[in-house]
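Here is the structure we will look at, set down as structure tokens.
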Number of protein chains: 2
Amino acid sequence: MNSFTEENYLKAIFKLLEKGEKAVSTTALSARMTTKAATVTDMIKRLAEKKLINYEKYQGVTLTEKGKAIAISIIRKHRLWEVFLVEKLHFKWDEVHEMAEQLEHVKSEELVNRIDAFLNFPKFDPHGDPIPDAKGVFNRKKSVLLAEINTGQNCIMTGVVDHSVNFLQYLDKVGLSIGKEIKLIEVVGFDKSIQVQLNGKEKVFLSHEVAKNLLVNKQ
Amino acid sequence: MNSFTEENYLKAIFKLLEKGEKAVSTTALSARMTTKAATVTDMIKRLAEKKLINYEKYQGVTLTEKGKAIAISIIRKHRLWEVFLVEKLHFKWDEVHEMAEQLEHVKSEELVNRIDAFLNFPKFDPHGDPIPDAKGVFNRKKSVLLAEINTGQNCIMTGVVDHSVNFLQYLDKVGLSIGKEIKLIEVVGFDKSIQVQLNGKEKVFLSHEVAKNLLVNKQ
DNA sequence: ACAAATATTTAGATTAGTCTAAATATTTAG
DNA sequence: CTAAATATTTAGACTAATCTAAATATTTGT
């Protein structure tokens, strides 16, 4: 079994690799982990020993398949717990990170899969980040706020920022729900309200306030 | 902050003290923690240093108020998580211990209190053990052994003494579970086995050994 | 009561994860 | 292209939690 620290290093390496570099430097990792470079060198030697990362002196590291699978499973647990904390325990989306950092290390595949089912297999966490499935497969695109996309862009609604009953009821009324296709027709400069087309059919107007609270995935 | 290990020692000391002794010996603790006596001596020195336990060489240990409060908070978390796992994720009551052992160390008072509310403030865990409230007060309504009640008495099952997988699986099979109504029909003098009626319906025979391991609240 | 048995502590070692300081390798700028 | 700047690794040390072996204290049985 791997320690919390090892799991955290693997997660950090995964996230840094996701940014595009082909290998992660000791310095980048030490910044991410808020430890010293010497500490990172020690740790990556141990992870390489365990065949969780590929490491050559002075050349940075990459994940092996085994290491990558562990990193993804930690990310899956982190994001599912975040959904649980927000949806079921009504925490705000910006309060859950620290708790999820601890919960992600609870060791039980069965537990995380049951949480997944309990939450009805969510695809995105409350921050709009995609949740890998039980096989480690996930949609790599992060969701963005509807208020931040360009005219003409086609999207799929993936979540909300504001979880208030009022807001959810409003969405229901205008016909917006998770999975709905949304195309941005135009932005009105005056108040930044927008006109969108739903499922290639009805067009509706949404205030900037509403657009700031809707998460979408660009298509 | 205290480490997982420190929290586990405090919990173990609390449980051993509950058994009635006025101090916990190094040997008792080493058996409970499955570590060596020498390891326990090191650890209790550290806990005494932190003023979480009272310790005098060769005299065993007791908990300070501070240590007791921590132990109770760990027990509260453990039992609430067990209720969550059984009630919400539909685990069987004999599958949840290991997961709860990990979850009990997640640090957030707010989290455990919200879980408590989410579960509607349960008073007993799935094994029938009482759950301390947010102030550390146990519901002291002490359940009694089924073996100790009188013929004709109506009870509600609240827990078990023996937590072995074997015993819990046996109970499952005969249809006994927390909350079940049990009426004592008769005691057979020969071997002290008993006949009980469940929920005013089916009657079943239980050995004295089983009756000695079932906790009930008289109605 | 006192020797044998048992319990407890001390001493010295190990591993994971961290640090600082020094050594070495790589990258970059003139 | 080489010297300076930067990045990385090595060496040596520290703490928490554990161990074994040895020393010491307490308890028990005749």
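Chain A is the first sequence line, chain B the second, and so forth, proteins listed ahead of strands; every chain is numbered from 1.
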*Phosphate-side-chain proximity, S3(A) and dG17(C), N/O vs OP1/OP2 below 4.0 Å*: yes
_Using whole Å, what does the distance between atom C1' of nucleotide dA25(D) and atom OH of Y58(B) come to?_
5 Å
*Give a yes-or-no answer on whether the side chains of N113(B) and R76(B) include a donor-acceptor pair shorter than 3.5 Å.*
yes
*Between F4(A) and K57(A), which is nearer to the 5' end of DNA chain C once each is assigned its nearest nucleotide?*
F4(A)
_d(CE, M43(A); P, dT8(D)) in whole Å_ = 17 Å
*asked:* With nearest nucleotide decided by heavy atoms, which residue, I44(B) or A38(A), maps closer to the 5′ end of DNA chain C?
replied: I44(B)
*With both distances under 3.5 Å as the test, what is the Watson-Crick or G-U wobble partner of dA3(C)?*
dT28(D)
*Across the strands shown, which category fits T35(A) at heavy-atom distances under 4.0 angstrom: base, sugar-phosphate, nothing?*
sugar-phosphate
*Would you indicate what T26(A) reaches in the nucleic acid, counting non-hydrogen atoms under 4.0 angstrom: base, sugar-phosphate, or nothing?*
sugar-phosphate
*Would you call K45(B)-E49(B) a salt bridge at under 4.0 Å N-O?*
no
*Check the distance between dT26(D)'s P and E56(B)'s CD and give it to me in whole angstrom.*
12 Å
*Measure from CG on D42(B) to P on dA16(D) and round the result to the nearest Å.*
11 Å
_Please tell me if T39(A) has a side-chain N or O lying less than 4.0 Å from either OP1 or OP2 of dT18(C)._
no
*Taking only side-chain nitrogens and oxygens of K45(A), does any of them come within less than 4.0 Å of OP1 or OP2 of dT10(D)?*
yes
_Nearest 0.5 Å, please: how far is CG in L85(B) from CG in D125(B)?_
11.0 Å
*asked:* If you count heavy atoms of other groups shown closer than 6.0 angstrom to NZ of K36(A), is the number above 12?
replied: no
*Using atom OH of Y55(A) as one end and atom C1' of dA7(D) as the other, report the distance to the nearest whole Å.*
12 Å
*May I ask you to decide if the ring planes of H97(A) and H78(A) are parallel, tilted or perpendicular, using 30° and 60° as cut-offs?*
tilted
*To the nearest Å, give me how far apart CD (E21(A)) and P (dA7(D)) are.*
13 Å
*Could you tell me the separation between the CD atom of E6(A) and the C1' atom of dA16(C), rounded to a whole number of Å?*
9 Å
*So which nucleotide does dG30(C) pair with, by the Watson-Crick or G-U wobble rule with both distances under 3.5 Å?*
dC1(D)
*Rounded to whole angstrom units, what separation is found between the CG atom of N8(A) and the P atom of dA16(C)?*
17 Å
*Touch check for T5(B), heavy atoms < 4.0 angstrom, all strands: base, sugar-phosphate only, or nothing?*
sugar-phosphate
